[in-house]
Trainee: 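Sharing a structure with you now.
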Amino acid sequence: MASDAVEEMLITARSMKKMYGPHLALDDINLDIPHGAIGILGPNGAGKSTFFKCLLGLIKTTSGTGRVLGHDIRTEGHLIRSKIGYMPEYDSLDPGLSAIDQVRYSGELLGMNPDAATQRAHEVLQYVGLKDQRYRKIETFSTGMKQAAKLACALIHDPEILICDEPTNGLDQRAREFMLQTLRKTVMEGGRSVLMSSHVMDDVETVCDRIVMIHKGKIVVHRSIDDMVKQVEKEIEISVWGGASQMESELSSRGLSVRRMGRNMRVTKVDDNTYTEILSSAAKAGVQVRKMTEYEPDLEDIFLLIMDRLGEEVRDTDELMTTGHTGDDK
Ligand SMILES: Nc1ncnc2c1ncn2[C@@H]1O[C@H](COP(=O)(O)OP(=O)(O)OP(=O)(O)O)[C@@H](O)[C@H]1O
Ligand SMILES: [Mg+2]
């Protein structure tokens with residue numbers, strides 16, 4: 001039973017570590033990632049690209065184990081790469097080639113016969129929106145077109161999994177939207193799994209149903225987006241006139257969690273009664289409440305909040321996601 005469950009996973013990692021000389025880039029990664037669309041989020045230097053390269057068997061892990069579609073990342077890299085489409089973060093294209101030749105060449109490198117690779121190159125270039133530009137040399141391409149061409153190369157052999165390292169990097173709003181919609185279509189209509197990295201929650205939210213957050217080589221959050229949304233606490237933002245400090249103490253003394261931002265404060269909403277508590281706190285503190293609005297942080301806010309808190313120290317996921325946390329309790 002247990003081994004079946006492991007086989008069903010897209011990716012498993014156990015105590016995975018990667019050192020670059022003395023530098024620890026991946027620190028004890030343990031993950032079970034199911035099929036679907038997964039966003040790997042983290043700031044610059046978090047370890048996202050390193051994690052992808054380890055999964056692809058392009059670099060060796062220092063210790064620990066990992067499996068992709070049941071294959072060992074240490075010994076079956078070649079097999080793994082034949083089942084994965086990889087869109088690297090760096091520019092992997094040959095500027096002197098036309099898009100069609102570049103994409104066909106990627107297929108041939110993966111062992112496809114030239115006719116099949118040519119036919120498929122036409123299809124995937126159309127899929128990524130480069131049908132009319134397919135005979136142009138890549139050196140004439142914009143950043144958006146290059147990203148699309150990289151995606152076409154990754155899709156050439158119709159892989160089961162796509163690994164896209166910052167696919168929206170350098171894209172303007174239109175190109176970004178198109179890239180994200182193409183990835184979404186690959187998951188929803190194509191039934192493929194997609195692993196994509198980004199440092200923007202909005203990107204992964206469009207495509208993915210799960211997120212993994214990495215910070216300094218450690219996994220700090222691994223959840224479905226639905227669960228994250230459910231767990232988010234609403235806050236009531238109030239603006240007070242006079243005695244903000246008294247108001248803050250009064251609210252805290254009633255067990256309410258308060259974040260002070262100058263004259264504005266955000267109070268974690270426990271239930272509808274929180275409104276009454278705020279008004280009676282104001283009466284007791286002798287302050288006037290000038291504005292009271294409910295505020296629901298979006299996922300981008302949560303991500304930034306979590307990353308801010310990690311600047312202090314790594315805490316457990318539940319604590320990280322509690323918006324009312326002030327940083328000095330516990
Ligand atoms: N070849 C290398 N040699 C030495 N250190 C490296 C090497 N590659 C990455 N690192 C270091 O490992 C850490 C993780 O790097 P990695 O590129 O995986 O991060 P990332 O999350 O992809 O960042 P970014 O968002 O900037 O792409 C960083 O501190 C980086 O400087
Ligand atoms: Mg990277």
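We count ligands from 1, going down the list as the structure has it; atoms in each ligand are counted the same way. Residue numbers start at 1 and run along the sequence shown.
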Trainee: Is atom 31 (O) of ligand 1 touching the protein, meaning some protein heavy atom lies under 4.0 Å away?
Mentor: no
Trainee: Check step by step if side chain to side chain contact (heavy atoms under 4.5 Å, CB included) holds for Leu58 and Arg81.
Mentor: CA-CA 9 Å; Leu58 292 171; Arg81 289 192 293 281; 3.7 Å; yes
Trainee: Of the protein's non-hydrogen atoms, which lies at the shortest distance from atom 29 (O) of ligand 1, and what is that distance?
Mentor: His23 NE2, 3.0 Å
Trainee: Closer than 4.0 Å to some heavy atom of Ala46 - which atoms of ligand 1 meet that?
Mentor: 19 (O), 20 (P), 21 (O)
Trainee: Do Ala25 and ligand 1 have an N or O pair less than 3.5 Å apart?
Mentor: no
Trainee: Hey, any chance Tyr295 and Met265 share a hydrophobic cluster, counting ILVMFWY side chains that come within less than 4.5 Å of each other, even indirectly?
Mentor: no
Trainee: Which of these, Asn44, Leu24, Thr50, has its nearest heavy atom closest to atom 15 (O) of ligand 1?
Mentor: Thr50
Trainee: At a 4.0 Å threshold, what atoms of ligand 1 neighbour a non-hydrogen atom of Glu166?
Mentor: 24 (P), 25 (O), 27 (O)
Trainee: Going by a strict under-4.0 Å cutoff (protein heavy atoms only), does atom 2 (C) of ligand 1 have a neighbour on the protein?
Mentor: yes
Trainee: Would you kindly confirm whether Val103 and Leu110 end up in one hydrophobic cluster when ILVMFWY residues are joined by side chain heavy atoms under 4.5 Å apart?
Mentor: yes
Trainee: Does the pair Ser224 and Asp209 meet the rule for a side chain to side chain contact (heavy atoms under 4.5 Å, CB included), with working shown?
Mentor: CA-CA 6 Å; Ser224 73; Asp209 38 49; over 6 Å; no
Trainee: Is Lys18 close enough to touch ligand 1? Criterion: a residue heavy atom under 4.0 Å from a ligand atom.
Mentor: no
Trainee: Check if Gly42 has a non-hydrogen atom at a distance under 4.0 Å from any atom of ligand 1.
Mentor: no
Trainee: To the nearest 0.5 Å, how far apart are CD1 in Ile278 and CZ in Arg254?
Mentor: 10.5 Å
Trainee: Say whether Thr50 and Tyr20, considering side chains only, have a donor N or O and an acceptor N or O under 3.5 Å apart.
Mentor: yes
Trainee: Is Ser197 near ligand 1, meaning one of its heavy atoms is under 4.0 Å from it?
Mentor: no
Trainee: Could you identify the single nearest non-hydrogen protein atom to atom 25 (O) of ligand 1 and state the distance to 0.1 Å?
Mentor: Lys48 NZ, 2.7 Å
Trainee: If we ignore angles and hydrogens, is there a donor and acceptor under 3.5 Å between the side chains of Thr186 and Tyr127?
Mentor: yes
Trainee: Less than 3.5 Å apart, any donor N or O on the side chain of Glu177 or Gln181 sitting next to an acceptor on the other?
Mentor: yes
Trainee: Heavy atom to atom 28 (C) of ligand 1, shortest distance: which of Gly45, Gly47, Pro22, Ser49 holds it?
Mentor: Gly45
Trainee: About how large, to 10 degrees, is the angle OG of Ser49, then the Mg ion (ligand 2), then OE1 of Glu89?
Mentor: 100°
Trainee: What protein heavy atom is closest to atom 6 (C) of ligand 1, reported as residue, atom name and distance in Å?
Mentor: Tyr20 CD1, 3.2 Å
Trainee: Under 2.8 Å from the Mg ion (ligand 2), is there an N/O/S atom belonging to Ser197?
Mentor: no
Trainee: State, with a plain yes or no, whether a side-chain heavy atom of Ile211 is found less than 4.5 Å away from one of Ile225.
Mentor: yes
Trainee: Among Leu151, Leu162, Leu155, which residue satisfies the side chain to side chain contact (heavy atoms under 4.5 Å, CB included) criterion with Met87?
Mentor: Leu151
Trainee: List ligand 1 atoms under 4.0 Å from Glu89, heavy atoms only on the residue side.
Mentor: 27 (O)
